[in-house]
> 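Below you will find the structure I want to go over with you.
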Amino acid sequence: MKGVPVRIESYRRGPALRVILDGVELLGFEGEYLSTVLMANGKMAWRRSLIRGERRGLFCGIGICFECLVQVEGRGIVRACQVRAFDGMRVRTDV
Amino acid sequence: MSGTQVVVVGGGPAGLGAALEAARAGLEVTLIDERPSLGGQYYKQIPPGWSSTRSGWLDRQYAEGNKLIAEVLRSGVKILTDTLVWNIEDHNLAVTDESTVWQIRFDKLILATGAWELPVALPGWTLPGVMTGGAAQALVVGQGLLPGRRILLAGNGPFQLRVAAQLVEAGAKVIAILDAGDLITTIRAALRMVPQGGLIWEALRYLRTIWKAGVRIYRMHLPIRILGDGHVEGVVASRVDSQWRPVPGREISFDVDTVCLTYGFVPSVELARLAGCRMEYRPEAGGWVTWHDADQGTSVPDIFVAGEAGGIEGARVALLEGRLAGLEAARQLGVTNRVEYEERRREIDWALIRARRPLPVLRDLMRLRPGLFELAMEDTLVCRCEDVSWRDIIAAARRWDPGLRGVKLWTRAGMGRCQGRICGYLIPRLISCALGVPVETISLDTPRPPVKPLPLLAMASPKDTELSSIWAWHERRPGRREGQ
Amino acid sequence: MTRTVLEAEVVVIGAGAVGNSIAYHLAKRGKSVVLIDRRAPAAEASGANFGLVWVHSKEPWYYMELSLISARMYPSLVAELDEDVELRQEGGLVLCMNEEEFKRGEAMISRQRRSSLFRGRMLSREEVLDLQPGVSDDVVGASWSPDDGDLNPIAYTLALARACERRGVRILPQTTVTGIQLSDGRVCGVLTDQGSIATPVVVNAAGVQAPRIAEMVGHTLPVEPCRGQELITEPAPRLLRYPMSGIRQTKKTGQFILGFTEEWVGLDKRTTFAGMTKIAANAVRKVPSVRNLRVIRAWAGLRPMPKDGLPLIGELQEVPGFYVAVGHSGITLSPLYGRALSDLICDGRTALPIEPYHPCRFDAESSVPVQTGEETVPTGEERR
C-alpha cells in the first residue's frame, strides 16, 4: 500500500495558497516548501533519473542531493526542498 | 565591490557564535547563509507566522535557536540570507542571490558550513520514500509534514532516537527502529555518559517516548534490501555481526513505505577545499575534515573554520568553536585588549573541554563498520545523478585510477548537479572495501566552483562595474601570441 | 639504480587524445607499444577542453587544411573504436555580433580560400537565424563551414585507450618519466619511477609537460601553457544543433559547454570570477534562452601552445628516435597525429602535409625554416 505523507494537525500554518502542478491545482500553505506541497498532495516522486529513468523523490531534504528537482516557470530547474511555494506558482515535474 | 572585516559563511550554531563574538569585539561582521532563515540544520525554525503545540522538551532546541538568532539580529551583524557563496579567490568571496553575482572582500573569513547526513548505498536506496533521518526531521519539525504512513528508521547512534521521538510525538507510525550497534556497547556508553548528565537524560526521554508508542528497536540490525516498484514497499533487514556483516539466515522483513537512514554526518568542506585549506582524514570525525589549529585557524592565513566543517563534534561544540573563531579573528585584527581576550579565551576553552567530554563515548557509538560499505551489489547505484553502478565504479578504480578523478572520467560519477556530494562520500569507502586500500589514500577530485549551481543570467550580471573593462571580447588570430 | 623491466618498440609519453591515437595507430601497424602517463588517460587537457573538431577558423590556411584532413579521418577512426563518442560533423559557426567582427570574418574566409579544400563561407543574419534557432536576434552574421563539428573528448580519449589495450598496447598510468636513455646520441630507453623500459623510439606527446620531457634529451621545446576556462550547465532540452566557437550543446546529455578564455598564467588551472562572468555574459548575449540554465561546474584546461601556435610534429634531428607530437587542438588533430607518427616511425616518411610543423624549426642551427604564414606551401595534391 503506497503511503501518503500527511500534514500534522497540531500545526497552525500560514494562509492557504494554490500551486499549479502540471496544470493541476494543489493546496499549499504559505511557508511550505514546494516539496512539502507536492508530498502533502500525494506525490512522493516527481522526477526520473538521467539514464535509468528511475522515479526519484526527496532524499536529503537539505538541498545537497539535487534529486527533488522541479521546473518553476520563470526560474528554471530548482530544488523543490529549497523553494518556498507562493500563490499561483506554476510548476512542471519530470524535468 | 563591498568589503567587511569579518565574513562568516553559514548561519547555524557555529556561524551564529562566530558572528556574535566578532560583533561583540566591535568588528564589522557579515553573516551569509544560502537559506531564507538562520539556524542551519540544528536550529530548525518553523516558517514565519506558523505555530505548533509541540511538547516542551522538544521546544528547548527551538527556543535556544530563537534566542541566539535574536541576539545576532540585535548585534549589528549584517545578515545576508538567500545568498549563496559560490567561489573564493584570495580574499574575495563570490556570492549570488540568483539574479546577480558580486564579490565580498574579507579581512578574516570564518567557514561555518556545517555538515550533511551520510548516504548509504544498498539495493533499493534510490526509491522514492528513502530519505535521510535529517530529511524526515526537517519535514516533521520544520514543515509539519509526516513523511509517510509506515516508517522504518535505520541507523546507528543516538541521533536516530531523537528523530524517532519527534516522529512519534508528531503522530507518525514508526514500524521499527534498526540500530546497528549492540546492546552491551550502548549500555556501556550510556553508563559512561551518566556523570556528564545532559545528553543521557535526553536519550532516556527519547527512549521513553519510543517505548510508550510500542516501537521496537532491533539492535545489531541493518537494512540489506529496500523493495518496491517506483516507491518503497518493504525492507529486508538482517541481524549483523560486530563488523556489521549480515548473519546468514537471520533476515527479517518489514512492510513500510518510508525508510529513514541515519548513520552519521559528513562535513561540508567544498568552500574550504576551494580556498586551498588543508584537509585531514579523521574517520571518527566524519572523514575528510578541514584541518585547523587550536585557534580554529586553517592552513590558509585569515581563514578560520568552526563547527562540523572542521570535524563532527555536535552543535554545542560548534557554537563554542564559532565563538573561539570570532574571538581569534578579533585578536588578529587587533581590536581586543589583552586582559579581556585572555579572560574570554579561558572561558571558551573551559566550556569546550566540558562540551567535548562526551565525544569519545559518542564516537565509539557512532563508529561505522565495514559491513555498511558492503551492502551495495553489482547493480546498485552509487552516483544517483548520473546513474552509475557499483560495478562500473569498482572496475574503473581497479583498472585505471583508484581516485575520484579517474573514476569520474571513466564512469561520469560525480559529474551531475550535486557534483559528487553524495557519491564522493561513498566511492572512496566502497573502493577501500573492494580493493583493500585505506580510504585516505584515495585521491579526491579537483575542487571547482560554483559551490552550488547558479543561473547563467546571474553569473552574466556581475554587480562590480570594474569588470566590464576586461570584457572586451578581443578576437585574436588563433595560434598567435598576444603582441606578435 | 634502475633495472629494465619492459621492452617495447615504441614508448609514447602522455595518454591524452594525442598519445592514445599515436599508440593506437602504431599498434595497428604491428608495433609493440607502451603508453605512459604520470596520471591516467584524459587526466589533463584531453579531459578539460571544449570538445570541438574545428577547422574553418584555424589559420594560416595550410594549418586549416591539416585540421580538415584530420577531421576527415574521424569517422573511420571512430567506427573502429566501436563506442559512442558523440561525434557530430555537420558544420560549425563563429558568430559575429557586430560589423567589425563580420568584416574580420570575411577577411579570414578570403585568406582561407587559398586552400582549394576550404568549404567555408560567411552567413548572413537571416541564414544564421534559420540554421541555428536559439541564436540572438542581435547577431549580424557568422562564418561557417560544413567541416566543423564536435564530440565528447573524454569519451573519445578513453575509447581510444580501450581500443589500444585491445590491440595489445600496454598502458601504464600513475607512472612518471624521470629520464630518457641515450646511447651514441640515439634513444635506447625510458626511465620511470616504476622501472625502466628499453626502446629505440620515444614519442613525446606530453602536452604542457612536453618541454620537461624534451629537456631530458637536452632539447628546448618552445611550448607555453595557455589557460582556457570553461563552464558546463545542467542538462537542457535540445536547442542548438551546430557547435559554435564558445557555445555548444552536448549531444547525449544536452548540457551547454561554454567558453573560453586565453590566459598566460603558467600552470595555474584555477578559474576566476572575471573569467567565469565573462564567459557567462558571452553565452547569454549570444544564446539568450540559456539564461535560466544553471552552471554546475567551471574548470580550466591548459592548452600546450607552441611559440607560433602551430603543432610540433616530427623527429628531433639531433636525437634520432625521439619524436615530438605536441600542440593545441589536440582533439581536432588527434587522428592526424596518430597517422603521421605511425607513418614516420614505421616508414620513415608520410604523405601527410606536415613539413611546416617540424619541431626543430625554432632552432638557430636548424635548416628547417619557420613558417610565418605568408609563404606558399604546396598542398598535399601539389607535392611530388
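Chain identifiers are assigned alphabetically (A, B, ...) following the order of the sequence lines, protein sequences preceding nucleic acid strands; residue numbering begins at 1 within each chain. Remember, predicted model here, so these are calculated numbers, not experimental data.
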> Rounded at 0.5 Å granularity, tell me how far OG1 in B:T298 sits from CD1 in B:I303.
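Reported value, rounded in 0.5 Å steps: 5.0 Å.
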
> Taking side chain as everything from C-beta outward and backbone as N, CA, C, O, which of these in C:E165 sits under 4.5 Å from a heavy atom of chain B? Side chain, backbone, both or neither.
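For C:E165, the contact with chain B is made by the side chain alone.
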
> Relative to chain C, which segment of B:R417 carries a heavy atom at a distance below 4.5 Å: side chain, backbone, both, or neither?
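Looking at B:R417, backbone and side chain both touch chain C.
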
> Would you call the rings of C:Y62 and C:Y357 parallel, tilted or perpendicular, where under 30° means parallel and over 60° means perpendicular?
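Plane angle between 30° and 60°, so tilted.
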
> Would you give the length of the straight line joining atom CD of C:E44 to atom CG of C:N49, rounded to the nearest 0.5 angstrom?
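Going from the CD atom of C:E44 to the CG atom of C:N49 covers 12.0 Å.
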
> Are C:N282 and C:K286 close enough that a side-chain donor and a side-chain acceptor fall under 3.5 Å?
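Short answer, yes.
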
> Using a cut-off of under 4.5 Å on heavy-atom pairs, state which of C:G47, C:A283, C:P41 scores highest against chain B.
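The option with the most such pairs is C:P41.
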
> So for C:E100, is it side chain, backbone, both, or neither that comes closer than 4.5 Å to the heavy atoms of chain B?
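For C:E100, neither part sits under 4.5 Å from chain B.
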
> Please classify the contact of C:T272 with chain B as side chain, backbone, both or neither, using a heavy-atom distance under 4.5 Å.
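Contact with chain B: backbone and side chain both.
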
> Is any side-chain N of the basic residue among B:D445 and C:R297 closer than 4.0 Å to the acidic one's carboxylate O?
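The answer is yes: the pair qualifies as a salt bridge.
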
> What part of C:V284 gets closer than 4.5 Å to chain B, counting heavy atoms only: side chain, backbone, both or neither?
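Side chain only.
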
> Do B:F106 and B:N92 pass the side chain to side chain contact (heavy atoms under 4.5 Å, CB included) test, and can you show the C-alpha distance, the side-chain angles, and the key distance before you say yes or no?
CA-CA 6 Å; B:F106 60 83; B:N92 295 309; 6.0 Å; no

> Output the option from B:V451, B:L409, B:T446 having the highest count of non-hydrogen pairs under 4.5 Å with chain C.
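Heavy-atom pair counts peak at B:L409.
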
> Find the distance between CD1 (C:I232) and CD (C:E234) and round it off to the nearest 0.5 Å.
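Here the rounded value is 11.0 Å.
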
> For chain B, which of C:R294, C:R291, C:Q174 has the most heavy-atom pairs under 4.5 Å?
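Of the options given, most contacts go to C:R294.
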
> Using heavy-atom distances under 4.5 Å, tell me whether C:I154 contacts chain B through its side chain, its backbone, both, or neither.
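C:I154 touches chain B through side-chain heavy atoms alone.
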
> In terms of heavy-atom proximity below 4.5 Å to chain B, should C:T157 be classed as side chain, backbone, both, or neither?
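Neither part.
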
> Cation-pi check for B:W291 against B:R278: NZ or CZ below 6.0 Å from the six-membered ring centre and within 45 degrees of the axis, yes or no?
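Yes.
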
> If you count heavy-atom pairs under 4.5 Å with chain B, which of C:M276, C:M97, C:R270, C:R39 comes out on top?
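Most heavy-atom pairs within the cutoff with chain B belong to C:M276.
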
> Quick one: CG on B:D387 to OG1 on B:T411, what's the gap to the nearest 0.5 Å?
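So the gap between those two atoms works out to 11.5 Å.
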
> In terms of heavy-atom pairs under 4.5 Å, which option from C:A300, C:A155, C:A161, C:P288 contacts chain B the most?
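So the answer, after comparing C:A300, C:A155, C:A161, C:P288, is C:A300.
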
> Between C:Q255, C:R303, C:R162, which shows the greatest number of heavy-atom pairs under 4.5 Å with chain B?
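Option with the top pair count is C:R162.
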
